[in-house]
> 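Attaching a single structure in structure tokens format; questions to follow.
Count residues from 1 along the sequence.
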Amino acid sequence: MQKEIGSTAGIIWQALNDRGELSLAKLKKEVNGKAPVFDWAVGWLAREDKLVITPEKSSFRIQLKDAHAKSAGAT
């Protein structure tokens, strides 16, 4: 199971790297994420401090932490 979660985390990372910030729903659709593996993979990336997760109305927006730092002007 860890291999599947890790693989999904890699696909999520690549999608965010290519597309930038996405809503949680759009990210799940983009990577063809299946519950619960998709949710675990997002959690894995969050636990590894790779994501910025921003609340938005009744959902969330997700982006890579490095991309967030670049857009905020940090070096």
Side-chain angles (χ1 to χ4, degrees):
M1 185 55 76
Q2 286 88 346
K3 187 174 182 177
E4 185 178 358
I5 295 166
S7 176
T8 302
I11 293 167
I12 290 169
W13 189 94
Q14 192 62 54
L16 291 170
N17 190 53
D18 292 347
R19 308 284 292 219
E21 185 180 46
L22 295 170
S23 71
L24 187 60
K26 189 162 190 141
L27 176 61
K28 190 171 189 173
K29 185 176 182 179
E30 184 78 23
V31 303
N32 195 24
K34 304 282 189 256
V37 174
F38 173 83
D39 301 323
W40 295 336
V42 169
W44 179 339
L45 290 168
R47 177 67 176 100
E48 292 292 319
D49 202 27
K50 303 291 184 194
L51 301 179
V52 174
I53 302 172
T54 309
E56 176 188 76
K57 296 181 185 172
S58 62
S59 187
F60 299 91
R61 296 201 59 79
I62 313 287
Q63 75 180 105
L64 294 177
K65 192 161 209 164
D66 290 345
H68 177 73
K70 288 176 188 173
S71 69
T75 56

> When rounded to the nearest 0.5 angstrom, what is the spacing between CD1 in Ile62 and CG in Leu22?
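Here the interatomic distance stands at 9.0 Å.
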
> With a 4.5 Å heavy-atom cut-off, do Leu16 and Leu51 have their side chains touching?
yes

> Between Val42 and Ile11, is there a shared hydrophobic cluster once you connect ILVMFWY residues whose side-chain heavy atoms come closer than 4.5 Å?
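Yes, it is one cluster - the side chains of Val42 and Ile11 are joined through contacts under 4.5 Å.
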
> Taking the side chain as C-beta and beyond, is there a heavy-atom pair between Phe38 and Leu27 under 4.5 Å?
yes

> Side-chain heavy atoms under 4.5 angstrom apart, residues restricted to Ile, Leu, Val, Met, Phe, Trp, Tyr: same cluster for Val31 and Ile53?
yes

> Leu64, Leu24: one ILVMFWY side-chain cluster at the under-4.5 Å cut-off?
yes

> Might you point out which heavy atoms bring Ala41 and Ala9 nearest each other, and give the distance in Å?
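Taking Ala41 first and Ala9 second, the nearest heavy atoms are CB-N, 3.6 Å.
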
> Ignoring hydrogens, what is the shortest heavy-atom contact between Trp44 and Ile5? Give both atom names and the distance.
CE3-CG2, 3.1 Å

> Once salt bridge (Lys or Arg N to Asp or Glu O under 4.0 Å) is applied, what residue pairs with a partner in residues 34-52 remain, sequence neighbours excluded?
Asp49-Lys65

> Enumerate the residue pairs fulfilling salt bridge (Lys or Arg N to Asp or Glu O under 4.0 Å) with a member in residues 4-23, sequence neighbours excluded, ordered by first and then second residue.
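Every pair satisfying salt bridge (Lys or Arg N to Asp or Glu O under 4.0 Å) with a residue in residues 4-23: Arg19-Glu30, Glu21-Arg61.
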
